[in-house]
Protein chains: 2
Amino acid sequence: MEEKKHMVGGISRKTLERLPIYHHYLEHKLLKEGTETISAPSIAAELQLNEVQVRKDLAMVSRNGGKPKMGYQVTELIKDMEEFLGYHNNNQAVLVGAGSLGKALLSYKGFEQYGVKIVMAFDTDGRKVNTKIGGKMVLPFEMLENHCQRMNIHIGIITVPAQSAQDVCDHLVAAGVRAIWNFAPIHLSVPEHVLVQNENMAVSLAALSKYLYEAEKEGRQHTKEEDD
Amino acid sequence: MEEKKHMVGGISRKTLERLPIYHHYLEHKLLKEGTETISAPSIAAELQLNEVQVRKDLAMVSRNGGKPKMGYQVTELIKDMEEFLGYHNNNQAVLVGAGSLGKALLSYKGFEQYGVKIVMAFDTDGRKVNTKIGGKMVLPFEMLENHCQRMNIHIGIITVPAQSAQDVCDHLVAAGVRAIWNFAPIHLSVPEHVLVQNENMAVSLAALSKYLYEAEKEGRQHTKEEDD
DNA sequence: TAGATTGTTAATCGATTAACAATC
DNA sequence: TAGATTGTTAATCGATTAACAATC
């Protein structure tokens, strides 16, 4: 019964994160240069990744594999990646919390390409309710469960403040949502069958800032040593 | 000379990501319950993390450590975390690309708490230039280098489309920026001394969607087996 | 004291990287 | 053929988890 959480369909989360980067690179490369075949080492060099890592990732998704000396057919590789990533899946998602971050996600065009479509939003703020953002209706929060159940929606996005996030989460779960993308900076408690992915914007920037701070501290020390 | 990239000031990236979660939990707990001391095991239980992991993380940031049987002083622990994370650093950042994502980041209140402040934005779109978003001026892109140099800004945020990202990145580097938070879904080439942190919204959602898809596929298989 | 909790050392686990035989 | 590239097995590396002695 126990599943390995970091593996999904035999593929690691890390690989899954790299695939769209390859995909974007390949599409662009193809469009610009019309290259027909490409090798793992050349991708690795371009994206500054390890050769073996790229080879393994590609081996993971490629149906027919590559040919020694030639590499992979670009168009075929792109197709295999899209298939693997579920570009054609058309999963529907709802968003709760039409604040500035919610608005940005509603307006963001990049999701549909990956097979996920945000179909509507919910908010408790009367001024936002019944407006359209990014072409999607913002509905009153009370209608969440009804709509999600009727439309059989399995993905929920939480962009409400921390204090209401758990409540929103509970309603999403009650409405049958199985996967939650959480932007509130708190830990959500959910039943075992529900997936939660946390995304904390502030954390990312804080980490970057901390890195910079430490790097510059080390830099100053080096400079000092050199001055001696 | 070679540095371990995943370590910064002796702390791993993973730990750095967990610290703000502890911080938020502690502040909230303190505010709500007025608890004076807290133990690593109780935090671990609440946040569904491993006990040892929490203990190690806390040992990393805590100045005076905890007392056996008692645990940590909550207020002290909060202070140590803030100190460690650089809440009081007041790093300045600029953002390039005032599209919907850029707007959301400009309006987001959560960054300043972590010691980072976005002070202005740049865009090439004449309709956006000289407006204010989230209280911050949007200036013409041509003024980027001048302003960044004069204000000695070291953090840049890229929220432009993929095709202009490398160009924007080059300008930021030329302007003296040392750390870049990149939302464009491409690999940026930068000099060795510049830190790049990639953030791809679509990838996160794609990964979640893929997980869900696989989980449901497995679920269906189980159901089938049970049906037999 | 007894026992909860700390801090640390050792074992495990996963992901990355290196090494290499197979092959076009 | 020779050599670039693939796919895979083994070694390394980091992060997580387990075990345990120290201590209040």
Side-chain angles (χ1 to χ4, degrees), chain A residues 2-19 21-22 26 29 35-74 76-77 80-81 84 203 207 211, chain B residues 2-19 21-22 26 29 35-74 76-77 80-81 84 203 207 211:
Chain A
E2 186 76 14
E3 283 170 38
K4 285 171 194 164
K5 275 184 193 166
H6 55 282
M7 294 287 272
V8 144
I11 199 162
S12 80
R13 171 67 200 244
K14 298 276 182 160
T15 300
L16 207 48
E17 283 175 358
R18 283 189 298 265
L19 288 178
I21 298 169
Y22 302 142
L26 290 173
K29 179 97 177 169
T35 329
E36 281 186 15
T37 60
I38 196 149
S39 73
S42 70
I43 295 178
E46 191 70 29
L47 301 178
Q48 295 175 24
L49 294 170
N50 181 280
E51 222 179 274
V52 185
Q53 193 168 65
V54 176
R55 252 185 287 155
K56 279 195 168 173
D57 288 344
L58 297 191
M60 213 73 163
V61 296
S62 175
R63 213 169 268 270
N64 298 327
K67 300 272 176 297
K69 191 150 189 186
M70 281 177 62
Y72 292 81
Q73 292 289 330
V74 178
E76 201 181 304
L77 191 52
D80 288 346
M81 282 185 175
F84 196 94
V203 167
Y211 267 74
Chain B
E2 187 75 14
E3 282 170 39
K4 284 169 195 167
K5 278 183 190 166
H6 55 283
M7 295 286 273
V8 144
I11 200 163
S12 78
R13 171 69 201 244
K14 298 276 183 163
T15 301
L16 205 48
E17 283 175 359
R18 284 190 295 266
L19 288 178
I21 298 168
Y22 302 142
L26 290 173
K29 179 99 178 167
T35 330
E36 282 187 16
T37 59
I38 195 147
S39 72
S42 70
I43 296 178
E46 191 70 30
L47 301 180
Q48 295 174 27
L49 293 170
N50 181 281
E51 223 180 272
V52 185
Q53 192 167 67
V54 176
R55 252 186 287 155
K56 278 193 170 175
D57 288 344
L58 298 190
M60 212 74 163
V61 296
S62 174
R63 212 167 270 268
N64 299 328
K67 299 273 176 297
K69 192 151 189 186
M70 283 178 60
Y72 292 82
Q73 292 290 329
V74 179
E76 201 180 306
L77 191 52
D80 288 345
M81 282 185 176
F84 197 93
V203 167
Y211 268 75

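Just so we're on the same page: letters track the sequence lines, and every chain starts at 1. Quick caveat: nothing in here was measured; it's all calculated off a predicted structure. Only heavy atoms go into these numbers, but all of them, side chains included; no hydrogens, no water, no symmetry mates.
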What integer distance in Å separates [X]:[atom1] from [N]:[atom2]?
X       : N      : atom1 : atom2 : value
B/Leu16 : D/dA15 : CG    : P     : 12 Å
A/Met60 : C/dT16 : CE    : C1'   : 14 Å
A/Leu58 : D/dT5  : CG    : P     : 13 Å
B/Asp57 : C/dT6  : CG    : P     : 13 Å
A/Glu51 : C/dT16 : CD    : C1'   : 14 Å

Under a 4.0 Å heavy-atom criterion, the protein footprint on nucleotides 18-24 of chain C, written with B, S and -, is BBB--BB
Exercise. Is the backbone N or O of B/Thr15 less than 3.5 Å from a side-chain atom of B/Asp57, with the two atoms forming a donor-acceptor pair by type?
Worked result: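 Not a single qualifying donor-acceptor pair exists.
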If the condition is side-chain hydrogen bond (donor to acceptor under 3.5 Å, both in side chains), which residues does B/Ser62 pass it with, not counting sequence neighbours?
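Scan of B/Ser62 (side-chain hydrogen bond (donor to acceptor under 3.5 Å, both in side chains), adjacent residues dropped) gives none.
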Task: Residues which pass salt bridge (Lys or Arg N to Asp or Glu O under 4.0 Å) with B/Glu76, listed by chain and number, not counting sequence neighbours - done: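 Applying salt bridge (Lys or Arg N to Asp or Glu O under 4.0 Å) to B/Glu76 gives none.
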Discussion item. Could you work out, with salt bridge (Lys or Arg N to Asp or Glu O under 4.0 Å) as the rule, every residue matching B/Glu36, not counting sequence neighbours?
Written reply: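 Partners of B/Glu36 by the salt bridge (Lys or Arg N to Asp or Glu O under 4.0 Å) criterion come out as none, since no residue qualifies.
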Read 5' to 3' with Watson-Crick or G-U pairs under 3.5 Å, [ ] for crossing pairs and | for partners on another strand, DNA chain D gives ..||||||||||||||||||||||
Out of C/dA15, D/dA15, C/dT6, minimum distance to the side chain of A/Lys14 belongs to C/dA15
Nearest heavy-atom approach of B/Met81 to B/Tyr22 is CE-CB, 3.4 Å
Minimal non-hydrogen separation, A/Glu51 against A/Pro41, with atom names =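 Closest approach of A/Glu51 to A/Pro41, heavy atoms only: CG-CA, 3.7 Å.
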ask   = At under 4.0 Å, does any side-chain N or O of B/Arg18 touch on OP1 or OP2 of D/dA15?
value =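 Checking B/Arg18 against D/dA15: no side-chain N or O falls below 4.0 Å of OP1 or OP2.
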Taking for A/Ser39 and for B/Gln53 the nucleotide of DNA chain D with the nearest heavy atom, the one nearer the 5' end belongs to A/Ser39
Please list all pairs meeting salt bridge (charged side-chain N to carboxylate O under 4.0 Å, His left out) that have one or both residues in residues 38-49 of chain B, counting only residues at least two apart or in different chains.
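The answer is none; no pair qualifies.
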Quiz prompt | Any A/Tyr72 side-chain heavy atom under 4.5 Å of A/Thr37 side chain | solution = no
- [ ] Could you tell me whether the side chain of A/Leu49 reaches within less than 4.5 Å of the side chain of A/Ile43, counting heavy atoms only?
- [x] no
